[in-house]
Amino acid sequence: MMRTRPLKVALLGCGVVGSEVARIMTTHADDLAARIGAPVELAGVAVRRPDRVREGIDPALVTTDATALVKRGDLDIVVEVIGGIEPARTLITTAFEHGASVVSANKALLAQDGAALHAAAEEHGKDLYYEAAVAGAIPLIRPLRESLAGDKVNRVLGIVNGTTNFILDKMDTTGAGYQEALDEATALGYAEADPTADVEGFDAAAKAAILAGIAFHTRVRLDDVHREGMTEVTAADFASAKEMGCTIKLLAICERAGDGASVTARVHPAMIPLGHPLASVRGAYNAVFVESDASGQLMFYGPGAGGAPTASAVLGDLVAVGRNRVGGTTGPGESAYAALPVSSMGEVVTRYHISLDVADKPGVLAQVATVFAEHGVSIDTVRQQGKDGEASLVVVTHRASDAALGGTVEALRKLDTVRGVASIMRVEGE
């Protein structure tokens, strides 16, 4: 039976995502009402520039006073799509205090202060949903938080930033250099004028923190995530990857230690075998590969950004939270009971691809192999090419800790026969 009193929804932010949320709420109003069990009414829209024309939105609903909007007391749901830490954090907690549940797409805030926001939601008996914070339209948060709640997730491996995947895909398929590929991404609108958050891995690291926290029932903050950008990846790295039957992706990797006693979360470029499902993810698409005890291997794939895809995730949360409001209940909150320690990057064990510039003379390979052995790093394969007194030596290791590899590289730099370390890249997905 349909409830006649509408659910009042306030929208904080009306940019690319917010305007699409408002449009869908209007054009699909009857369908949303049928799915929720009550009509949905857009009760207010907080913006910074009120004079801008916003098609389909009643100007009388627009305000620059977001604080007053969330303090109204008659709101059922507040949708936050302004991003950043403040004023978003204060507005969300104020919304809880004044009786509203919250749907957010704010990955940076959730990665930094998710625990406090969940605590505020629980204190006031309200929902906090944020499917749109990770991987746009791809259903990921809810499957991890609900569908896999009875399983044990061991690893989450994913491409969670479309800009970086577009750039790396162009470098791989066309042979373009980093700057050339970035310029094309910018021209097509995939990269911001300042792409730092994407190419340096900040965006992916925030998403990794959220995913790790949910997957492992452990609080993982942004500061816990090891982060490396992709600006130093070169055409030569792709050539080496191809020789190994691999490509290169910027990966977010969240995993349990072998003994299950700790977890790690990291973002960095990595070589991945061409046979792995993530290797075929092209352009600006995202994909996340989940490995668990009972379910085995699952993959989630789709557009990871953009107004319509992200709005789709926001509206999915809006329906879920709306149903909870109609039913007088709340959905799942934070699950951090496991409270596993988050290990440092030095403890992470993986394979490595190291390219060295060395002198082309007898005994160099033996010296290099000795250094690896002294640091407990086992060599899988070695490839050497050289002429005119100079050579390139490529070493691929068996699995080793990041700390052991770091000590090895430091010792290699001290050898007279090693001219320099051209590149170091991890090998994942095997």
Examine distances only and state if a side-chain atom of [X] and a backbone atom of [Y] form a donor-acceptor pair shorter than 3.5 Å.
X: Thr329; Y: Gly327; result: no
X: Asn286; Y: Gly302; result: no
X: Thr310; Y: Gly306; result: yes
X: Ser335; Y: His217; result: no
X: Asp127; Y: Gly331; result: yes
X: Thr397; Y: Tyr352; result: yes
X: Asn161; Y: Ala204; result: no
X: Glu180; Y: Leu182; result: no
X: Thr174; Y: Met171; result: no

Would [X] and [Y] pass as an ion pair if we require N to O under 4.0 Å?
X: Asp172; Y: Arg282; answer: yes
X: Arg155; Y: Glu428; answer: yes
X: Lys152; Y: Glu291; answer: no
X: Glu334; Y: Arg219; answer: yes

Salt bridge (Lys or Arg N to Asp or Glu O under 4.0 Å) against Arg5, all qualifying residues, sequence neighbours excluded: Asp76

How long is the span from the [atom1] atom in [X] to the [atom2] atom in [Y], to the nearest 0.5 Å?
X: Asp237; Y: Met425; atom1: CG; atom2: CE; answer: 4.0 Å
X: Ile159; Y: Thr164; atom1: CD1; atom2: OG1; answer: 8.0 Å
X: Thr264; Y: Asp224; atom1: OG1; atom2: CG; answer: 11.0 Å
X: Glu20; Y: Cys14; atom1: CD; atom2: SG; answer: 10.5 Å
X: Ile424; Y: His268; atom1: CD1; atom2: NE2; answer: 12.5 Å
X: Glu410; Y: Arg413; atom1: CD; atom2: CZ; answer: 9.0 Å

Heavy-atom pair with the smallest gap, counting every atom of Ala111 and Ala209: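 The pair with the smallest heavy-atom distance is CB-CB, 4.0 Å.
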
Over all atoms of both residues, closest heavy-atom pair of Ile36 and Gly322: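 Distance-wise, the nearest heavy atoms are CG2-C, 3.6 Å.
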
Counterpart residues, side chain to side chain donor-acceptor pair (under 3.5 Å), relative to [X] (two or more places apart):
X: Asp51; answer: none
X: Thr186; answer: none
X: Ser101; answer: none

Taking the side chain as C-beta and beyond, is there a heavy-atom pair between [X] and [Y] under 4.5 Å?
X: Val78; Y: Ile92; result: no
X: Thr247; Y: Met271; result: no
X: Thr63; Y: Val45; result: no
X: Leu157; Y: Leu251; result: yes
X: Arg72; Y: Lys8; result: yes
X: His353; Y: Ser240; result: yes
X: Lys126; Y: Val102; result: no
X: Val395; Y: Phe372; result: yes

Val40, Asp31, Val103, Leu32 screened by side chain to side chain contact (heavy atoms under 4.5 Å, CB included) with Val319, the one that passes: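 Exactly one candidate clears the test, Leu32.
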
Stepwise side-chain hydrogen bond (donor to acceptor under 3.5 Å, both in side chains) test for Asp151 and Ser295: CA-CA 7 Å; Asp151 204 345; Ser295 301; 2.8 Å; yes

Geometric class of the His118/Tyr130 ring pair [parallel <30°, tilted 30-60°, perpendicular >60°]: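 It falls in the perpendicular class, over 60°.
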
Pair Ser262, Ser343: side-chain N/O donor-acceptor within cut-off below 3.5 Å: yes

Option among Thr94, Asp113, Asn106 that satisfies the side-chain hydrogen bond (donor to acceptor under 3.5 Å, both in side chains) test with Arg89: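 Between Arg89 and the candidates, side-chain hydrogen bond (donor to acceptor under 3.5 Å, both in side chains) is satisfied uniquely by Asp113.
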
Set of residues satisfying side chain to side chain contact (heavy atoms under 4.5 Å, CB included) with respect to Glu200, sequence neighbours excluded: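 Partners of Glu200 by the side chain to side chain contact (heavy atoms under 4.5 Å, CB included) criterion, ordered by chain and then number, come out as Thr196, Phe202, Arg227, Thr231.
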
Chi angles and distances behind the salt bridge (charged side-chain N to carboxylate O under 4.0 Å, His left out) call for Glu255, Arg266: CA-CA 9 Å; Glu255 58 189 351; Arg266 50 197 164 102; 2.5 Å; yes

Chi angles and distances behind the side-chain contact (heavy atoms from CB on, under 4.5 Å) call for Thr93, Leu117: CA-CA 7 Å; Thr93 55; Leu117 294 179; 3.9 Å; yes

Throw together a table of side-chain donor-acceptor distances under 3.5 angstrom for residues 137-146, partners on residues two or more places apart or in other chains.
residue: Arg142; atom: NH2; partner: Asp317; partner atom: OD1; Å: 2.6

